[in-house]
**Student:** 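This is the structure I want to talk about, given as structure tokens.
The figures here come from the full heavy-atom set of this structure, side chains too, leaving out hydrogens, waters and symmetry mates.
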Amino acid sequence: MDIIVVGLSHKTAPVEIREKVAFAADCLHDALERVRVGDAVPEAVIVSTCNRVEVYAAARARDEGVEQVVRFFAEYHGLPLEDLRPHLYVYRGPEAVRHVFRVASSLDSMVVGEPQILGQVKDAYETAAAGKATGLVLNRFMHKAFSTAKRVRTETAIAQAAVSVSFAAVQLARAIFGSLEGKSVLVIGAGEMCELAVTHLVENGVREVQVTNRTLARAEELAGRFQGRAVPFEEFAYHLPEVDIVISSTGAPHFVLGVEAVRAAMKARKQKPMFLIDIAVPRDIDPRINDLPNVYLYDVDDLQSVVEQNKKEREKEAEKAERIVAEEVESFQAWLRTLEVTPTIRALRERFDAIRKAELEKTLRVFGDGLTAKQRKSLEAMSQAIVNKILHEPTVYLKRAAGDRELEVSVEAVRRLFGLEEGEDPESKELRS
Amino acid sequence: MSVWMLKGTALVYLLAAVLQLAYLVTLQPGVRTWAQRITWGAFGLHTLALVVRFIEAGYTPVTNLHEALSFFGWCVTALYLLLQLRYHVPSLGAFATPVAMVFVLGATMMHGEVEPLPAALQSWWLPVHVGLLFLGDGAFAVAAAAGVMYLLQERQLKRKRLGALFRRLPSLDVLDDLNYRCLTVGFPLLTMGIITGALWAQQVWGTYWSWDPKETWSLITWFLYAALLHGRLTVGWRGRRAAVWSIVGFGSVLFTFLGVNFLLPKLIPDLKSLHIYTG
């Protein structure tokens, strides 16, 4: 068995193509049935998101499997094969394993490290597993993909680096305050950008939200969404000493918050740190405020530069992640190879057991009723012991070969030595004879 | 014997400091585990070396520079390990263990022979007075380490350049809190150390306070930390100011400890501290 991947993504296909080959959730079961028709591809998972459509499959023969899946893509969506082919990529064996592990770990995503993809792949797998479209190989394979993604997440900082402005604001707030539990935020101006940033802050533990706006009704509306309270615009400076975080995005052409107001507020709050985020252009908050002790002011450009620095950091972490993926690919391939060994060992056992039983039968017939039950039992035990002892070495040899690159050679040698015909099940052989 | 043990201990400290720094660079949990184990190992070995020294000398080994440096290093490590048990600040080790290592290495370079104890020091005041002061100084050393970490982190946040250290250091709040806790441990110890010193002085010299340079400087140190503590509690001295202040305070600690012995006699030859007994 081999893993194969056929698919297309934002890297190879424009959205016009992607939307044509996407699979709706309700037709996935049907699609999984159709892609597995016949013998070549016994197990399959279909991942269909807005950025990628991919089929992961376990194939008995790589090339036949790939051909079948490619044809399935075209036929299922009624597209000419030659239109589709330039956008499709195909991976076989270790390359395919690596690809899926990278996808699950979010290394192949448009925004590297974004967390959604793992959930999407998990859903895709659960759908396939529920429809019994997966078996021994893909079950193991997909779980390995998930554990690889988890390792990447915990052992590298790839997911930690905030690559959007509002996440960068949360990251900075954490660096200043440690935990955001119980911290309070004042929102000046009720713009959409503010709302997003406040949402992230609240998700991270910020409790109290105050909103102020020139039109109080807008402030009340936004405050209502966070169970906060609205503050009249003329009075917001009075509330400054109570707040740890200020987010401002008014459309005012001049500063709405000056140095003196913040200096006074800091004195009143005994210099407890304050973090101000100015996402307005033109700016709302006097930049000189950043020079006050224990006050940290970030404007849009500052946040953007934090995002850029994070992206660089993330690239470094991506290298670490690739190493983890490579390790996991190696470990999965090793398991896949033992799979080839297992049927061989089973065939070997069954072969010997058949011989043993036949010979035992003959011997017992010679003795007829001349043996006590106890004697019969010990004859049987002896034959069993002989078989076990003889089979011990070849079994150990095969299991040890499981880690080898030359595995196929070893397996073939054993098969020839003991007359196990290539690729045949012992049961079907018995049926024939 | 104890001198050789201390040399071995110094090597273990060196290894511990290297591992703590390696953790700061690599952030590998495995490196951290070993860094902590080796630090504990160094501390254990050091404790043993001190006990052996005590048995060899027959008195509390804090009377010459070799012994004092060694004991100072021990106090810094003890305070670091104690705090480490209560607070989760993994990067602190990279700043605290090198300080301890420098002291212990310094100790191994000093004349380490056991000398007969001067009569003036033959008192149970010796372990009490010196023990309190050095433990307090250990706390101040860790406070200064936290202060340095605070300044590094704060600088990055103010300048909006988040370097490699940014992710490796804890939040400002945690560092400020750590600094404060060390202060609340160190200051009472320093105060009691000075008081016990005065009581002892009354017994042997017949006067509580004689404006000996060591006394003067420990008083200066005391005022520095008292001011910091007062500022923190009443007017909100915190963050950067508190960090700088605690580093300055530790500078004063070091001067009281070493400068009075080495620098002052050179600057003002007539002024000889009563606290200097041996090389």
**Student:** Look up atom CZ in B/Arg167 and atom CD in A/Glu317, then write down how far apart they are to the nearest 0.5 Å.
**Tutor:**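 B/Arg167 CZ to A/Glu317 CD: 7.5 Å, rounded to 0.5 Å.
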
**Student:** When you compare the side chain of A/Gln271 with that of B/Arg232, does any pair of heavy atoms fall below 4.5 Å?
**Tutor:** no

**Student:** What part of B/Arg238 lies closer than 4.5 angstrom to a heavy atom of chain A: side chain, backbone, both or neither?
**Tutor:**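 Contact with chain A involves both backbone and side-chain atoms of B/Arg238.
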
**Student:** Compare all side-chain heavy atoms of B/Asp173 with those of A/Lys272 and state whether any distance is below 4.5 angstrom.
**Tutor:** no

**Student:** Give the minimum heavy-atom separation between B/Phe166 and A/Gln171, together with the two atoms involved.
**Tutor:**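 Scanning both residues completely, I find the closest heavy atoms to be CE2-NE2, 4.0 Å.
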
**Student:** Below 4.5 Å, heavy atoms only, C-beta onward: do A/Tyr296 and B/Glu154 meet side chain to side chain?
**Tutor:** yes

**Student:** To the nearest 0.5 Å, what is the distance between CG on A/Asp291 and NZ on B/Lys158?
**Tutor:** 6.5 Å

**Student:** Around B/Arg37, counting heavy atoms of other residues, nucleotides and ligands shown, do more than 12 lie under 6.0 Å from its CZ?
**Tutor:** yes

**Student:** Please indicate whether A/Phe255 has more than 12 foreign heavy atoms, meaning atoms of other residues, nucleotides or ligands, lying under 6.0 Å from its CZ.
**Tutor:**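 Atom CZ in A/Phe255 is packed in, count exceeds 12.
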
**Student:** Looking only at heavy atoms, which two atoms of A/Phe177 and B/Ser171 are closest? And how far apart?
**Tutor:**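 Of all heavy-atom pairs spanning A/Phe177 and B/Ser171, the closest is C-OG, 4.1 Å.
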
**Student:** For a quick test of reading the model, state the closest non-hydrogen atom pair linking A/Lys270 to B/Leu233 and the distance between them.
**Tutor:** NZ-O, 3.8 Å

**Student:** Between the side chain of B/Lys160 and the main-chain N/O of A/Leu297, is any donor-acceptor distance below 3.5 Å?
**Tutor:** yes

**Student:** Testing the basics here: between A/Ile176 and B/Leu172, what is the closest heavy-atom pair and its distance to 0.1 Å?
**Tutor:**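 In this case the closest contact between A/Ile176 and B/Leu172 is O-CB, 3.6 Å.
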
**Student:** Top residue by heavy-atom pair count (under 4.5 Å) with chain A, among B/Leu162, B/Thr234, B/Asp176?
**Tutor:** B/Leu162

**Student:** Less than 4.5 Å to any heavy atom of chain A: does that hold for the side chain of B/Arg161, its backbone, both, or neither?
**Tutor:**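 Both the backbone and the side chain of B/Arg161 come within 4.5 Å of chain A.
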
**Student:** Inspect the surroundings of CD in A/Glu235 and state if more than 12 heavy atoms from other residues, nucleotides or ligands are less than 6.0 Å away.
**Tutor:**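 Enclosed.
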
**Student:** Any idea which of A/Asn290, A/Asn294, A/Val295, A/Leu303 has the most non-hydrogen atom pairs under 4.5 angstrom with chain B?
**Tutor:** A/Asn290

**Student:** Would you mind checking which part of A/Lys267 comes under 4.5 Å of any heavy atom in chain B, side chain (CB onward), backbone (N, CA, C, O), both or neither?
**Tutor:** neither

